[in-house]
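Worksheet: one structure, shown below.
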Amino acid sequence: HIWLSSPPGQPSRALGKDALYAFPLEQEKKAAKLAERLGQIAIREEVRGSTGEQLLVLYRVRAGDLPDAADPLAALNRGGDFIQPQKIERAVWNDSFALLGYSIDAADAAKRNLEVTLFFHALKPTSEDYTFSIKVRDARDRVWGQEDKWAGNNSYATTQWSPGDVVVEKFYPGLNACAPAGEYRVTVEAYNPKTAQVLALSDRDGNSMSLGTTRAEASPGNL
């Protein structure tokens, strides 16, 4: 696999090929951040032109350090401080891709600017580009925060996923300013944006997966 710029995760070792992460020179800081996360499993390489000028910054991850289908999260914890899920939780959609775990954080003291990180595992090829929807619901199931997108900030559709890939994506379903202080439940679902049909879970009933609860305080701008 060769990925230009920073990828949303890591490909599988199943193909027996190294992964190359390629960055243009103006994104060298982004490349350095990836190398920091991958630690010792990231091997720096350079691509130079015919006159010796540097064209790209490359980081190679050898096939043996890529995710194993039997234990896909282990590779994220080897060699560096790559992010790990707070909670291991599995759910499968249409036998095509699975949720491996998640993290819920907040960027503000009131815990309203939520950051939800999902860890996906591609199981088999899919012919549709599914949108993931993160919703923040109160006790009456009213939605007060939401973000819908593809992985890779809308650049890495599910039709591009290869079996065995681990895909890590952050969502920012910030709470509406009118949302009161209290406990909120975070959910994820996948749907086909062409038909608006929500994809069913294949390992349990329903189509929405609960990611646990989080408490938010009152909005400083709406006291």
Side-chain angles (χ1 to χ4, degrees), residues 8-9 37 71-74 76-77 81-123 129-158 161 166-193 195-223:
R37 288 182 168 180
D71 190 6
L73 287 178
L76 300 184
N77 196 34
D81 64 348
F82 209 96
I83 50 180
Q84 287 284 297
Q86 294 170 347
K87 179 87 179 280
I88 303 296
E89 187 79 40
R90 182 176 172 84
V92 181
W93 283 272
N94 198 37
D95 294 325
S96 299
F97 46 85
L99 177 73
L100 299 175
Y102 64 87
S103 297
I104 300 177
D105 297 294
D108 61 322
K111 297 189 175 182
R112 303 178 68 85
N113 296 328
L114 296 177
E115 299 177 355
V116 179
T117 307
L118 301 185
F119 295 73
F120 293 109
H121 189 206
L123 303 177
D129 293 327
Y130 291 104
T131 296
F132 295 99
S133 179
I134 302 293
K135 295 183 174 71
V136 187
R137 308 169 184 267
D138 66 11
R140 295 167 58 185
D141 214 34
R142 296 176 298 184
V143 176
W144 291 94
Q146 180 173 344
E147 185 178 25
D148 293 26
K149 65 176 181 177
W150 294 352
N153 284 326
N154 288 315
S155 69
Y156 196 47
T158 51
W161 295 11
V166 173
V167 181
V168 183
E169 186 68 13
K170 277 199 172 187
F171 295 79
Y172 300 91
L175 284 174
N176 185 291
C178 295
E183 296 288 330
Y184 290 88
R185 183 169 58 94
V186 182
T187 63
V188 58
E189 58 191 43
Y191 65 90
N192 186 331
T195 63
Q197 182 177 4
V198 181
L199 192 62
L201 290 163
S202 50
D203 63 339
R204 69 195 71 193
D205 294 335
N207 49 34
S208 180
M209 174 67 186
S210 179
L211 302 178
T213 60
T214 183
R215 179 171 178 82
E217 303 303 328
S219 171
N222 190 33
L223 298 180

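The residues of the chain are indexed from 1 along the displayed sequence.
- Thr117 is listed as a side-chain neighbour of Val168, based on a closest heavy-atom distance under 4.5 Å.
- Taking every heavy atom of both residues into account, Asp129 and Ala157 meet most closely at OD1-CB, 3.2 Å.
- Remark: Ser210 OG to Arg185 CZ distance equals 5.0 Å, nearest 0.5 Å.
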(message) Apply side chain to side chain contact (heavy atoms under 4.5 Å, CB included) to residues Trp93 and Tyr130 and explain how you reach the verdict.
(response) CA-CA 10 Å; Trp93 283 272; Tyr130 291 104; over 6 Å; no
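- Judged by distance alone, with hydrogens and angles left aside, the side-chain atoms of Asp108 form a donor-acceptor pair with the main-chain N or O of Asn113 at under 3.5 Å.
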(message) Is there a side chain to side chain contact (heavy atoms under 4.5 Å, CB included) between Leu118 and Ile134? Walk through the geometry before answering.
(response) CA-CA 10 Å; Leu118 301 185; Ile134 302 293; 3.6 Å; yes
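- To the nearest 0.5 Å, atom OG of residue Ser133 and atom CD of residue Glu147 are 9.5 Å apart.
- Between Thr158 and Ser96 there is no side-chain heavy-atom pair separated by less than 4.5 Å.
- A pairwise comparison of heavy atoms in Ile88 and Pro85 identifies CD1-CG, 3.6 Å as the closest pair.
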(request) Could you check Tyr191 against Asp148 for side chain to side chain donor-acceptor pair (under 3.5 Å), going step by step and ending with a plain yes or no? (result) CA-CA 10 Å; Tyr191 65 90; Asp148 293 26; 2.8 Å; yes
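- Atom NZ of Lys111 has 12 or fewer heavy atoms from other residues, nucleotides or ligands within 6.0 Å.
- In this structure, the side chains of Val116 and Pro173 come closer than 4.5 Å at one or more pairs of heavy atoms.
- In this structure, the separation between CZ on Phe119 and OG on Ser103 is 5.0 Å, given to the nearest 0.5 Å.
- Checked against a 6.0 Å centroid threshold, the rings of Phe120 and Tyr156 do not count as neighbours.
- Comment: Glu217 engages Arg215 in a salt bridge, judged by a side-chain N to carboxylate O separation of less than 4.0 angstrom.
- When all heavy atoms are compared, the tightest approach of Ala218 to Ala110 is O-CB, 4.0 Å.
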(request) Could you please spell out the steps behind the side chain to side chain contact (heavy atoms under 4.5 Å, CB included) verdict for Glu169 and Asn153? (result) CA-CA 8 Å; Glu169 186 68 13; Asn153 284 326; 3.6 Å; yes
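- Looking at every heavy atom in both residues, Asp95 comes nearest to Leu123 through O-CB, 3.9 Å.
- For the pairing with Met209, the side-chain contact (heavy atoms from CB on, under 4.5 Å) check across Glu89, Glu189, Arg90 returns one residue only, Glu89.
- Looking at every heavy atom in both residues, Ser208 comes nearest to Thr187 through OG-CB, 3.5 Å.
- Distance check: Asp105 CG to Gln86 CD gives 4.5 Å after rounding to the nearest 0.5 Å.
- Proximity of a side-chain donor or acceptor of Arg112 to a complementary backbone N or O of Ala179 within less than 3.5 Å is detected.
- Once rounded to the nearest 0.5 Å, the distance linking OH of Tyr184 with CD1 of Ile104 reads 14.0 Å.
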(message) One pair to check against side chain to side chain contact (heavy atoms under 4.5 Å, CB included): Thr131 and Trp150. What are the steps and the verdict?
(response) CA-CA 5 Å; Thr131 296; Trp150 294 352; 3.4 Å; yes
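- With rounding to the nearest 0.5 Å, the separation of CH2 in Trp144 from CG in Leu175 is 9.5 Å.
- When all heavy atoms of Val143 and Arg137 are compared, the pair lying nearest together is CG2-NH1, 3.9 Å.
- The number of heavy atoms from other shown groups lying within 6.0 Å of CD (Glu115) is above 12.
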